[in-house]
Protein chains: 2
Amino acid sequence: MASASIPSNPADLLRAAGIKVTPGRVRVLQALHGARQPLCHGEMEAQLGVDGEAAMDRVTLYRILDSLVACGLALKAVDTRGVFRFSAAGAQRQHANHIHFRCTDCGGVFCLKAEPPPPPTLPEGFRLRRAEFDVCGTCDRCSGDTTPLVPR
Amino acid sequence: MASASIPSNPADLLRAAGIKVTPGRVRVLQALHGARQPLCHGEMEAQLGVDGEAAMDRVTLYRILDSLVACGLALKAVDTRGVFRFSAAGAQRQHANHIHFRCTDCGGVFCLKAEPPPPPTLPEGFRLRRAEFDVCGTCDRCSGDTTPLVPR
DNA sequence: CCACAAATGCAACAATGTTGCGTTTGTGGC
DNA sequence: GCCACAAACGCAACATTGTTGCATTTGTGG
């Protein structure tokens with residue numbers, strides 16, 4: 001097998017990003033890539049404990065996550081409860097060109113066909129970093145059966 | 001002047017909502033209505049201190065905010081730093097037909113001229129509750145002076 | 001005006017995230 | 001393979017934001 005020009009295993013990703021390859025970082029990156037949705041700090045701690053290895057220090061985990069975000073290998077966001085959630089960068093690339101629908105009932109995320117709207121023009125001096133169309137409501141299953149969902 | 005059928009002062013709003021009218025709640029509701037953007041707990045504490053009256057107990061403020069949310073007089077959301085922000089219910093109506101730009105640096109919210117994009121069509125059975133165009137980056141002041149903002 | 005439930009103030013606690021500092025470890029150079 | 005050094009780690013302590021328990025005060029209906 002020839003050497004991969006597009007690195008995909010955690011160690012290579014870390015090397016390519018220019019930060020040291022440590023067991024902790026490899027484990028965290030693996031966990032992020034294996035996750036089907038962004039993980040918060042606590043979930044990640046639990047996840048890592050399952051590996052059979054000793055649980056990682058809380059602060060170290062925070063620092064690893066920060067370093068991954070800083071070098072672009074991970075993304076940081078905040079959920080509705082105000083907790084930071086981390087996801088592997090690149091995981092969202094496949095989710096680039098369509099809109100997501102979030103079910104507020106079951107928490108599920110669904111991909112819509114529609115293209116995201118173009119970013120708006122900003123006033124002088126403003127810099128756009130991210131523009132996201134946040135669409136939420138209830139999915140087909142959750143809409144159907146029970147919840148009247150406070151129409152007020 | 002006839003009795004108002006649409007109550008608008010804090011005390012009447014509280015009465016109409018069916019919860020006790022207390023000085024604290026009136027003050028908080030006034031602050032919320034006077035605010036040009038959602039306030040976090042700390043900002044509200046500061047705001048209330050300015051009134052000349054004694055600052056309110058931290059826990060009491062939390063509970064007042066919760067009670068206002070519970071009876072529908074206030075709305076609770078979470079900002080990018082993971083902090084809860086509260087706004088007067090109805091206050092968002094005047095903010096309905098344009099896009100908001102959120103500065104990730106100073107936390108400020110700015111109103112853009114552009115109209116919000118039309119809501120996407122949903123698959124069968126899905127119910128839309130909210131569609132919001134979330135635009136963020138750095139405002140003119142924060143973009144200008146200091147931060148290189150990790151261009152990497 | 002009274003009684004009672006609701007609201008408040010205080011203290012303590014809980015969850016999440018950060019800082020300082022001494023020790024360990026990955027990495028480049030030999 | 002070995003060394004030195006900076007980066008990463010582990011630990012302890014701290015900071016911020018939000019919550020819970022409980023005794024006291026206060027708004028409201030009668």
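Remember, predicted model here, so these are calculated numbers, not experimental data. Protein chains get the first letters and strands the later ones, always in sequence-line order, with residue 1 at the start of each.
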**Request:** Indicate yes or no: at least one non-hydrogen side-chain atom of Met44(B) is less than 4.5 angstrom from one of Leu65(B).
**Result:** yes
**Partners meeting ring pair (Phe, Tyr, Trp, His ring centres under 6.0 Å) with Tyr62(A) (sequence neighbours left out)** = His41(A)
**Request:** Taking all heavy atoms of Ile64(A) and all of Gly24(A), pick out the closest pair and write down the distance.
**Result:** CD1-C, 3.7 Å
**Message:** With a 4.5 Å cut-off on side-chain heavy atoms, are Glu45(B) and Arg58(B) touching?
**Reply:** yes
**Request:** For Ile19(B) and dA5(C), give me the distance from atom CD1 to atom P, rounded to whole Å.
**Result:** 19 Å
**Request:** Identify, with sequence neighbours excluded, every residue that meets salt bridge (Lys or Arg N to Asp or Glu O under 4.0 Å) alongside Arg63(B).
**Result:** none
**First-last contacting nucleotides on DNA chain D - partner chain B, under 4.0 angstrom, heavy atom** = dT17(D) to dT28(D)
**Item:** Over-ring placement of Lys76(A) relative to Phe84(A), 6.0 Å and 45° cut-offs
**Value:** yes
**Message:** Quick check for you: to the nearest 0.5 Å, what is the distance between Met56(B) atom CE and Leu48(B) atom CG?
**Reply:** 5.0 Å
**Prompt:** Bend across the helix from dC1(C)-dG30(D) to dC30(C)-dG1(D), to 10°, with axes taken over 5 pairs at each end?
**Reply:** 40°
**Prompt:** Do Lys20(B) and Arg15(B) have side chains that get closer than 4.5 Å, going by heavy atoms?
**Reply:** no
**Request:** Kindly indicate whether the side chain of Val69(B), heavy atoms from C-beta on, has any atom under 4.5 Å from the side chain of Phe86(B).
**Result:** yes
**Partners meeting side-chain contact (heavy atoms from CB on, under 4.5 Å) with Val26(A) (sequence neighbours left out)** = Pro10(A), Leu14(A), Val21(A), Gln30(A)
**Asked** What is the per-nucleotide protein-contact pattern of nucleotides 9-20 of chain C, from the 5' end, where B denotes a base atom under 4.0 Å from a protein heavy atom, S denotes such proximity for sugar-phosphate atoms only, and - denotes neither?
**Response** BBB----BBBBB
**Request:** Write down the distance between NZ (Lys20(B)) and C1' (dT8(C)), rounded to a whole number of angstrom.
**Result:** 11 Å
